[in-house]
Amino acid sequence: MLSSTIVVDARPEPDARRSETPVLPGGAFVEGQWQSADLTLDVRDPEDGTLVGRVCTSTAQDVRRAIAHIHRHLQVEPWPLRSRRQALEKAALLLGEQSARFATIIAAESSKTITEAEREVRRCIETLRLSAAASTELSGSTLDFEDSLAAGHKIGWYSRKPVGIVAAITPFNDPLNLVAHKLGPALIAGNGVVLKPSERTPLSGLALVQLLLEAGVPSGRIAAVVSGPGVAEALVTDEQIDLISFTGGPRTAERIAAAAGAKKILSELGGNNATIVCADADPAAAAEAIVAGAFGVAGQNCLSVQRVYVHTSLFERVLDEVTRGTQALQTGPKFDRRTDVGPLISEDEARRVEEWVDEAIAAGASVHAGGQRQGAFYEPTVLTDVPAQCRVLRDEVFGPVVTLIPFVEVSDAVHAANDSEYGLQAGIFTQSMDLALAMAENLHVGAVVINETSDIRIDSMPFGGFKKSGVGREGVRYAVHAMTEPKNTIVNLGESGAPWQLLGGLPERTTP
């Protein structure tokens with residue numbers, strides 16, 4: 001069996017790398033203060049289990065205190081839109097200045113290589129910049145009373161107002177930028193926000209909270225708590241939480257919705273993304289994009305390419321090129337810039353991926369690259385002949401595994417791509433724009449990418465999907481709209497008639 005190489009002994013000395021990992025001011029941020037005592041929750045590098053840092057194990061009481069503090073602040077301390085915009089603009093500048101520090105934090109606590117971490121920091125700068133620019137989304141408009149039979153003698157307008165307090169619950173795989181995608185829109189919209197980052201990667205989110213405070217975000221507008229007994233339930237059920245923005249899995253989303261009651265919920269829940277390679281596609285370009293899209297962040301990406309449908313006329317060539325491209329990837333230490341694929345977030349997750357692949361092999365699947373685990377590392381893996389009932393096809397793998405499947409009729413490939421509980425994004429490779437647009441119209445997903453894979457996102461686009469891929473859309477200005485509500489102001493001018501009659505009637509026109 002051919003496979004890529006796992007390098008386990010070429011990483012920098014741990015002490016040298018750890019010296020670059022900054023110490024945060026505390027392990028949670030509650031009631032305008034960093035909590036620096038009771039740092040009992042270890043944050044460990046998934047690559048080798050070494051200790052990266054410690055944060056607070058938060059409590060339900062911490063959550064209640066954090067929410068109450070923000071609620072009081074919202075009632076008594078105005079924060080004008082101009083000041084909100086300026087704070088987020090400054091945060092983007094500060095993050096640019098501290099980019100190396102933030103990239104080190106991300107790579108130390110997560111699965112990302114240092115190169116992937118640097119890319120995430122650049123995206124986060126863009127997200128903060130877009131959040132500041134979204135101040136223009138908060139303007140309203142006049143109401144059309146003059147064109148209504150029921151208007152009477154009224155005028156009016158609407159403006160967009162913050163919903164109140166946002167609960168932001170984020171995952172481990174993009175521990176900085178996905179936090180920014182919730183905090184930035186919430187803050188520019190005028191809300192308060194309580195962040196609950198993943199307990200596996202809390203340091204990046206806490207560092208961003210620290211940076212936002214430094215940039216001018218009032219301490220009464222933001223809080224950060226980490227996992228502990230009853231924390232999640234206390235956060236989503238509190239009556240003073242007005243909106244929950246969650247990124248994670250469908251099962252957790254269902255539990256949140258059941259517990260939260262009548263609250264507004266935005267959820268991004270992942271995908272099982274398909275790419276379709278048509279008979280007239282460029283096989284080399286398609287194969288290169290498939291490899292890049294399947295194995296970034298060790299496949300722990302909601303946009304990751306998981307299923308690839310290839311026309312039978314190109315199947316062997318695309319399979320060959322995808323296999324060779326996959327075997328060329330180097331799996332190894334995150335801080336080694338030669339590394340393409342780092343570890344999964346934990347050895348348990350690597351074992352789960354191993355179990356799913358072994359299940360497919362036992363059912364008759366063929367392995368063309370990878371298929372081996374070492375600790376938290378799982379080799380980038382290419383499969384064919386996978387039976388439809390296997391989890392590597394049916395569920396979201398969230399690991400470095402891609403399956404290639406031949407097809408004859410395009411309609412069959414589109415039907416197969418749609419045959420999933422998820423509907424996040426899809427890719428199409430073809431030289432026929434007419435065919436591409438016809439396929440795009442029939443793919444039941446949140447985005448169709450033509451002559452690329454599903455693994456495409458810019459931070460300004462409306463991002464989300466259909467079915468179990470989520471509810472609502474992220475993307476800064478779309479989140480701003482979701483985190484605000486239109487508020488009407490209506491003025492009754494009385495029975496006198498037109499507005500000018502309140503001034504004693506129109507002046508007489510004089511002829512010069």
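Values below: all heavy atoms of this structure, side chains included; hydrogens, waters and symmetry mates excluded.
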Expected output: side-chain Ser454 to main-chain Gly427 donor-acceptor under 3.5 Å: no
Carefully, step by step, assess Thr453 and Ile290 under the rule side-chain contact (heavy atoms from CB on, under 4.5 Å). CA-CA 7 Å; Thr453 69; Ile290 290 163; 4.3 Å; yes
Please check if the side chain of Glu120 supplies one atom and the backbone of Ala103 the other of a donor-acceptor pair under 3.5 Å. no
When you look at CD of Glu233, are more than 12 heavy atoms from neighbouring residues, nucleotides or ligands closer to it than 6.0 Å? no
Could you walk me through whether Asn177 and Asp459 pass the side chain to side chain donor-acceptor pair (under 3.5 Å) test, one step at a time? CA-CA 9 Å; Asn177 194 42; Asp459 296 292; 3.2 Å; yes
Rounded distance [0.5 Å steps], CG in Leu435 versus CD1 in Ile428: 7.5 Å
Closest contact, heavy atoms only, Arg473 versus Pro462: CD-C, 4.1 Å
Determine whether a donor-acceptor pair (N or O, by modelled atom type, separation under 3.5 Å) exists between the side chain of Gln425 and the backbone of Ile456. yes
Would Arg324 and Asp320 count as a salt bridge (charged side-chain N to carboxylate O under 4.0 Å, His left out) here? Give the steps. CA-CA 6 Å; Arg324 286 193 288 109; Asp320 181 63; 3.3 Å; yes
Closest heavy-atom pair, Glu396 versus Gly271, reported as atoms and distance to 0.1 Å, is CG-O, 2.9 Å
May I ask you to establish whether Arg200 and Phe172 are in a cation-pi arrangement, using a distance under 6.0 Å from NZ or CZ to the six-membered ring centre and at most 45° from the ring axis? yes
Do Ile405 and Leu393 make a side-chain contact, defined as non-hydrogen atoms from C-beta onward lying under 4.5 Å apart? yes
Can you find a heavy atom in the side chain of Val382 that is under 4.5 Å from one in the side chain of Gln327? no
Could you pull out the closest heavy-atom pair between Ile244 and Ile241, with the gap in Å? CG1-CG2, 4.1 Å
Take Thr127 and His181, measure what side-chain contact (heavy atoms from CB on, under 4.5 Å) needs, and give me the verdict at the end. CA-CA 7 Å; Thr127 299; His181 262 287; 3.5 Å; yes
Indicate yes or no: at least one non-hydrogen side-chain atom of Met483 is less than 4.5 angstrom from one of Ser245. yes
Does Gln389 CD have over 12 foreign heavy atoms under 6.0 Å away? yes
I'd like to know if Arg373 and Glu347 make a salt bridge, using a cut-off of under 4.0 Å between side-chain N and carboxylate O. yes
Counterpart residues, ring pair (Phe, Tyr, Trp, His ring centres under 6.0 Å), relative to His481 (two or more places apart): none
Which atoms form the tightest heavy-atom contact between Ser469 and Gly270, and what is the distance? OG-O, 2.7 Å
Would you confirm whether Arg307, through its side chain, and Ala417, through its main-chain N or O, come within 3.5 Å as a donor-acceptor pair? yes
Please determine which of Leu187, Leu138, Val217 meets the side-chain contact (heavy atoms from CB on, under 4.5 Å) test together with Arg84. Leu138
Assess whether side chain to side chain donor-acceptor pair (under 3.5 Å) is satisfied between Asn272 and Gln306, documenting all intermediate values. CA-CA 6 Å; Asn272 178 354; Gln306 184 170 329; 3.3 Å; yes
Just to verify, what does Lys264 make a salt bridge (Lys or Arg N to Asp or Glu O under 4.0 Å) with, not counting sequence neighbours? Glu485
Think Arg119 forms a cation-pi with Phe102, using NZ or CZ under 6.0 Å from the six-ring centre and within 45 degrees of its axis? no
Quick one: pull up CG in Leu235 and CG in Leu195 and give me the separation to the nearest 0.5 Å. 9.5 Å
Check whether any side-chain heavy atom of Asp340 sits under 4.5 Å from a side-chain heavy atom of Thr113, and report yes or no. no
Between Glu126 and Arg122, is the closest basic N to carboxylate O distance under 4.0 Å? no
Taking the side chain as everything from C-beta on, heavy atoms only, tell me whether Val310 gets closer than 4.5 Å to Leu319. no
Please determine if Glu474 and Lys182 form a salt bridge, counting it only when a charged side-chain N lies under 4.0 Å from a carboxylate O. yes
Counting only heavy atoms not in Glu288 (residues, nucleotides, ligands), do more than 12 fall under 6.0 Å from its CD? no
Short side-chain to backbone donor-acceptor contact, Ser111 and Pro343, under 3.5 Å: yes
Electrostatic pair Glu355:Arg351 at N-O distance under 4.0 angstrom: no
So do Val236 and Ile169 actually touch side chain to side chain, heavy atoms under 4.5 Å? yes
For Asp147, does the CG atom sit with more than 12 other heavy atoms under 6.0 Å from it, leaving out its own atoms? no
Do Glu118 and Arg337 sit within salt-bridge range, that is, some charged N less than 4.0 Å from a carboxylate O? yes
